[in-house]
Peer 1: 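Please read through the structure below; I'll follow up with questions.
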2 protein chains.
Amino acid sequence: MPGPSHVRRPATLASLAAELGVSRTTVSNAYNRPDQLSAPLRERVLEAARRLGYPGPDPVARSLRTRKAGAVGLLLTEALSYAFRDPAATGFLEGLALACEQANQGLLLVPVSPDHVDVTAVHQAGVDGFVVYSVREDDPHFMAVLERPVPTVVCDQPTGVEGVDRVGVDDRAGMLGLARHLTGLGHRRFGVICMRLAAGHNDGPASAQRQESITYPVQRDRLGGIRDGLAEVGVDWADVPVIERFEHSVEAGRDAAAELMAAHADLTAVVCTSDILALGALQHAAERGLSVPDDLSVTGFDGVPEAGRAGLTTVNQPVLEKGRIAGELLLQRGDRNRSRRVTLPTELVVGTTSGPPRSDQRFFSGW
Amino acid sequence: MPGPSHVRRPATLASLAAELGVSRTTVSNAYNRPDQLSAPLRERVLEAARRLGYPGPDPVARSLRTRKAGAVGLLLTEALSYAFRDPAATGFLEGLALACEQANQGLLLVPVSPDHVDVTAVHQAGVDGFVVYSVREDDPHFMAVLERPVPTVVCDQPTGVEGVDRVGVDDRAGMLGLARHLTGLGHRRFGVICMRLAAGHNDGPASAQRQESITYPVQRDRLGGIRDGLAEVGVDWADVPVIERFEHSVEAGRDAAAELMAAHADLTAVVCTSDILALGALQHAAERGLSVPDDLSVTGFDGVPEAGRAGLTTVNQPVLEKGRIAGELLLQRGDRNRSRRVTLPTELVVGTTSGPPRSDQRFFSGW
DNA sequence: TCACCGGACCGTAACGGTTCAGAGCCTCAC
DNA sequence: GTGAGGCTCTGAACCGTTACGGTCCGGTGA
């Protein structure tokens, strides 16, 4: 098997042209516009290229001249590797990759350092546009993206950025439906487990003040949906404990559930703002010996495959579709200039983790 | 919230320099080498940049000049989106992404068209090197990568390419250990389900001839490992039916198992060359009413999370580690020029899907 | 006074292509 | 014979930046 050709400094289009005694234009055309030169000459060019080990036009130089990179940048707030761990993100990426490969565009995962903020990677990225996946409103990387003179599409959050297309779901409505499902079953004593609400590490109860200053619109909407749903049956939001976790993992959900139940043993329903957290809550319930849904109802959000297998009551959102549409919004942008907003439908999925509270608990809740 | 700046044609370094009456070098230095100019002047430059909406040095132009793109290209044979569906690939990607983000390098997923071969995407990719994940020996995209004058690292396959680093596991040894486990349990009647062996769609038995012309070394080694293991107890490989599937999915595994068992109802063990296929085989066994492992033993390869949950007997390989090392081989390549080979260990995991064959079956196998 | 030095800044030449307006030249119709 | 038009091919400008090797100037030590 032949080895790679990176040993020798490769020939350039110019050197190839000189070798052949033709103009650089002609060599360029041999690659890009075969109809612009005679077949024999073209063959002669290509043959010489083979002989001299010319790898074809340099992609970077071409990008500079043509002003297109042939790639889409993807920005995530989390560490890059996170994208491959979170099933919701994975689904999104699959959809986005689908759109990219259909348009023959590369997908550049922009490395963001989770620890120290460093936006150079955003400046480094040779891309024709950015897809931003679910980042904080005041994310510095996102700011850097906005400064780049390329189109941008946001998935989920931040919302309402001028001149930027967005695709997402109606998180508030989705959660509202879920809350009604639970209140309809008779629940009145709720606890909530949510994801990171703003910059800064806050593992524990989310104070009213913190809830005021949420910088993740999705979390804001999901909490808002729950609050609205509970308000309909007279449950005061101030009485609902909300536990926040910085990390988004099953482990974090389990841990949060433990914290929640330790302080509020009388809850009949735990609403989580993601399936991953809910799966953790289910783990905790099992460890605590609570029967779900008899002793406790647990719900999630997203509709990831594992949730389906676990029979979790949740709100499905079309993650793959979100990715696909994000890609299409970016790539198929005609001469449109106004920003477009796409809101996809969610669907309440009633699984086996939600049911009416025990009658004694129901009675208890009447106090 | 402010909008993006892609409306106006952005200022260039040159125009900024002209505006300020300084040289372009100075502006460049303001961004890249703050120590090369006085602080006040630097501030003046940056202020003017802000005022004129100069987004900082163009990444593509910079790449052209500095000859580095700040990104690693990833080549997969399958459609891009596949990478996010196969858990083994996902694990690999996570590891690779880890290495990339540590080196502050982007990860460019190169779009390959699964249907019609089109290597332009490989030529398009502005990257400093390629990681090739598990492709066919004669894959045209891979050939195109080799022509690019950049370093390349291969994961798994193809093997033995001159001048190209490689990371993988000893697939043959892994499978050999697994085969010994099964023969040790008493199995003598085997069936095999394997992944795509070569170019071309072959869903069905893999003839001896096809097995001769395998172009996926990993499959060659895994099958070879089984063969060697069976030979040790006198089982003739010619008597072992091998079913191939083009698609790599649970569904395909289920289907292949059905085909296998329909023709060979007397098998006591089905060895699959991947966990995904094995999970499908388990599904089929369940549908057929076979008790695993009493009626049938089923094994996989890879050690994906789902296999763990299913209790599958399999061969674990450190997929995340493979990705991380692939990235490191590419990024931390010193002035080394000889190609490096890294072989990571595998581990036999005995789950609940393998056990001794029924005694009557064992007797039967003695015929 | 003068050679020398270091900091601050600059001019020029790449980097490797693409693009566009032609220049030749040949053919064909009139 | 001649002008129109088509096919090939060329020359020069341009894309936006950084690398390299300077220059300029004020200060210093002898």
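Order of the sequence lines fixes the chain letters, A, B, ..., with proteins taken first and strands second; residue numbering starts at 1 for each chain. Only this structure's heavy atoms are used, side chains among them; waters, hydrogens and symmetry mates stay out.
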Peer 1: Quickly work out the B:R44 CZ to C:dC9 C1' distance and round it to whole Å.
Peer 2: 12 Å
Peer 1: Looking only at side-chain atoms of B:R65, point me to the closest of D:dA13, C:dA14, D:dT8.
Peer 2: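 Nucleotide nearest to B:R65's side chain: C:dA14.
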Peer 1: Please determine, for the side chain of A:L64, which listed nucleotide (D:dC15, C:dT18, D:dC9) has the closest atom?
Peer 2: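 When the side chain of A:L64 is considered, D:dC15 is the closest of D:dC15, C:dT18, D:dC9.
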Peer 1: Indicate yes or no: does B:D165 engage B:R340 in a salt bridge with an N to O separation below 4.0 Å.
Peer 2: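 Answer for the salt bridge query: yes.
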Peer 1: So A:Y54, base contact, sugar-phosphate only, or nothing? Heavy-atom distance under 4.0 Å.
Peer 2: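 It contacts sugar-phosphate atoms only.
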Peer 1: Send over the distance from B:K68 NZ to D:dT17 C1', rounded to a whole Å.
Peer 2: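 Going from B:K68 (NZ) to D:dT17 (C1'), I get 14 Å.
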Peer 1: Does a salt bridge link A:E47 with A:R44, judged by any charged N lying under 4.0 Å from a carboxylate O?
Peer 2: no
Peer 1: Starting from P on D:dA12, measure out to CZ on A:R24 and report it in whole angstrom.
Peer 2: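 Computing the A:R24:CZ to D:dA12:P distance gives 10 Å.
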Peer 1: Looking at C:dC10, C:dG17, D:dT18, which one has an atom nearest to any side-chain atom of A:T12?
Peer 2: C:dG17
Peer 1: Output yes when A:R33 and A:D35 qualify as a salt bridge under the 4.0 Å nitrogen-oxygen rule, no when they do not.
Peer 2: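 The answer is no: the pair does not qualify as a salt bridge.
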Peer 1: Considering every strand and a 4.0 Å limit on heavy-atom distances, what is the contact class for B:V22: base, sugar-phosphate, or nothing?
Peer 2: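 Here B:V22 touches the backbone only, sparing every base.
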Peer 1: Side chain of B:R33, heavy atoms from C-beta onward: which of C:dC9, D:dA19, D:dT17 has the nearest atom to it?
Peer 2: D:dA19
Peer 1: Taking only side-chain N and O atoms of B:T26, does any of them lie within less than 4.0 angstrom of OP1 or OP2 on C:dC10?
Peer 2: yes
Peer 1: Whole angstroms only, please: what is the CD-P distance between A:Q36 and C:dG17?
Peer 2: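 For the pair A:Q36 CD and C:dG17 P, the rounded distance is 19 Å.
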Peer 1: With DNA chain C as reference, determine whether B:D35 or B:A61 sits nearer its 5' end, using the nearest nucleotide of each.
Peer 2: B:D35
Peer 1: I need the CG-P distance between B:D58 and D:dC15, as an integer number of Å.
Peer 2: 12 Å
Peer 1: Please tell me which of the listed nucleotides, C:dT19, D:dT17, D:dT10, lies nearest to the side chain of B:P57?
Peer 2: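 Within the option list, the nearest is D:dT17.
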Peer 1: Looking only at heavy atoms, what is the nearest atom pair of A:Q124 and B:G70, with distance?
Peer 2: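 Distance-wise, the nearest heavy atoms are NE2-CA, 4.4 Å.
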Peer 1: Determine: side-chain N/O of A:N29 to OP1/OP2 of D:dC9, distance under 4.0 Å, yes or no.
Peer 2: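 For A:N29, the contact criterion (side-chain N or O under 4.0 Å from OP1 or OP2 of D:dC9) is not met.
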Peer 1: Name the closest nucleotide to the B:T25 side chain, picking from C:dG17, D:dT10, C:dT12.
Peer 2: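 Of C:dG17, D:dT10, C:dT12, C:dT12 is nearest to the side chain of B:T25.
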Peer 1: Give a yes or no on whether a salt bridge exists between B:R196 and B:E78, defined as a side-chain N under 4.0 angstrom from a carboxylate O.
Peer 2: yes
Peer 1: Please report, rounded to the nearest Å, how far the P atom of C:dC10 is from the CG atom of B:L13.
Peer 2: 12 Å
Peer 1: Let me know the distance between CG of B:L37 and C1' of D:dT18, rounded to the nearest Å.
Peer 2: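 Atom-to-atom, B:L37 to D:dT18, this comes out as 15 Å.
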Peer 1: Distance check needed: D:dT8 C1' versus A:L41 CG, whole Å only.
Peer 2: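 Value for this atom pair: 9 Å.
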Peer 1: From D:dT10, C:dG17, C:dT18, pick the nucleotide closest to the side chain of A:N32?
Peer 2: C:dT18
